[in-house]
Amino acid sequence: QVQLVESGGGSVQAGGSLRLSCAASGRTFSSYTMGWFRQAPGKEREFVSAISWSGAQTYYEDSVKGRFTISRDNAKNTVYLQMNSLKPEDTAIYYCAAKRGFSGSYYRHEYENWGQGTQVTVSS
């Protein structure tokens, strides 16, 4: 098990940037695939991005490709989501999550551990 705490959310204008962080507890952080999901009001929680345990593999949802970058620092037990060129449709609560193995990293049900979420609001 790993416990996750997100931070870095806030309110920005369209075109702005934010960097989300997710700090993990536990000595096995480096063995987990880490994912970011988001949930807008009235919508299902959706996949945003994932990164393998080594950082060698990354995966992005089409609408964020070229704008968002996922990275991790295993020495700090932290995964990041750099979000640039933000749009109003990016407004949501953003959650980080952890799972074993990279296969299936798109699927919400594959993740065993979740953070509490951090709000991102983008105004036009």
Side-chain angles (χ1 to χ4, degrees):
Q1 288 284 333
V2 60
Q3 293 183 328
L4 306 172
V5 179
E6 302 96 333
S7 61
S11 297
V12 295
Q13 291 192 323
S17 298
L18 284 172
R19 188 176 82 155
L20 305 183
S21 298
C22 175
S25 64
R27 290 174 288 181
T28 59
F29 171 77
S30 60
S31 66
Y32 285 87
T33 285
M34 299 299 297
W36 285 98
F37 288 75
R38 65 186 179 186
Q39 188 167 16
K43 294 189 175 181
E44 295 283 322
R45 191 171 301 188
E46 65 176 6
F47 173 80
V48 176
S49 184
I51 188 167
S52 62
W53 68 272
S54 67
Q57 294 174 279
T58 57
Y59 185 26
Y60 296 94
E61 192 272 330
D62 285 347
S63 69
V64 307
K65 282 181 182 176
R67 299 190 299 122
F68 290 12
T69 302
I70 191 170
S71 62
R72 67 190 296 161
D73 185 338
N74 287 340
K76 295 183 178 180
N77 280 13
T78 302
V79 62
Y80 304 98
L81 187 67
Q82 178 66 44
M83 306 187 295
N84 298 329
S85 303
L86 282 161
K87 304 176 181 180
E89 51 264 44
D90 295 317
T91 295
I93 299 174
Y94 283 70
Y95 299 88
C96 72
K99 68 180 295 293
R100 298 287 190 180
F102 194 66
S103 175
S105 59
Y106 177 88
Y107 299 104
R108 186 177 61 190
H109 67 267
E110 289 277 337
Y111 288 81
E112 306 143 357
N113 304 279
W114 291 85
Q116 84 289 347
T118 186
Q119 177 71 47
V120 171
T121 303
V122 184
S123 58
S124 57

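The residues of the chain are indexed from 1 along the displayed sequence.
Atom OG of residue Ser63 and atom CG of residue Asp90 lie 6.5 Å apart, to the nearest 0.5 angstrom. Distance OG/Ser21 to CZ/Arg72: 13.5 Å, rounded to 0.5 Å. Here the straight-line distance linking atom CZ of Arg108 with atom CD of Glu44 works out to 5.0 Å at 0.5 Å rounding. Summarising the geometry, atom CZ belonging to Phe37 is positioned 4.5 Å from atom CH2 belonging to Trp114; distances are rounded to the nearest 0.5 Å. Going from atom OH of Tyr106 over to atom CZ of Phe47 covers 8.0 Å, rounded to the nearest 0.5 Å. Atom CZ in Arg100 sits 13.5 Å away from atom CD in Glu110 (nearest 0.5 Å).
The two atoms that bring Ala92 and Ala40 nearest to each other are CB-N, 3.8 Å, heavy atoms only. Closest approach of Ala50 and Tyr111 over heavy atoms only: CB-OH, 3.8 Å. In terms of heavy atoms, Ser17 sits closest to Gln82 at CB-NE2, 4.0 Å.
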For Arg38 and Thr91, run side-chain contact (heavy atoms from CB on, under 4.5 Å): C-alpha distance rounded to whole Å, both residues' side-chain angles, the deciding distance at 0.1 Å, then the answer. CA-CA 9 Å; Arg38 65 186 179 186; Thr91 295; over 6 Å; no

Could you go step by step and tell me if Val5 and Gln116 meet the side-chain contact (heavy atoms from CB on, under 4.5 Å) rule? CA-CA 7 Å; Val5 179; Gln116 84 289 347; 4.2 Å; yes

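A salt bridge links Lys65 and Asp62; the closest N-O separation between the charged side-chain nitrogens and carboxylate oxygens is under 4.0 Å.
Looking only at distances, no side-chain donor or acceptor of Thr33 sits under 3.5 Å from a matching main-chain atom of Ser52. The backbone N or O of Ser123 lies less than 3.5 Å from no partner atom in the side chain of Gln13, so there is not a single donor-acceptor pair. The backbone N or O of Trp53 lies less than 3.5 Å from a partner atom in the side chain of Asn74, making a donor-acceptor pair. In this structure a side-chain-to-backbone donor-acceptor pair under 3.5 Å is present from Ser25 to Gln3.
Take Ser11 and apply the side chain to side chain donor-acceptor pair (under 3.5 Å) test, not counting sequence neighbours, and it matches no residue.
Cluster partners of Val122, by chain and number: Val2, Leu4, Val12, Leu18, Leu20, Phe29, Tyr32, Met34, Trp36, Val48, Ile51, Tyr60, Val64, Phe68, Ile70, Val79, Leu81, Met83, Leu86, Tyr94, Val120. The rule joins Ile, Leu, Val, Met, Phe, Trp and Tyr whenever side-chain heavy atoms lie under 4.5 Å apart.
Judged as a disulfide bond (SG atoms under 2.5 Å apart), the pairs with a partner in residues 14-103 (not counting sequence neighbours) are, in order, Cys22-Cys96.
Atom CD of Gln119 is surrounded by more than 12 heavy atoms from other residues, nucleotides or ligands within 6.0 Å.
Judged by the 6.0 Å distance and 45° axis criteria, Arg45 is positioned over the aromatic ring of Tyr95.
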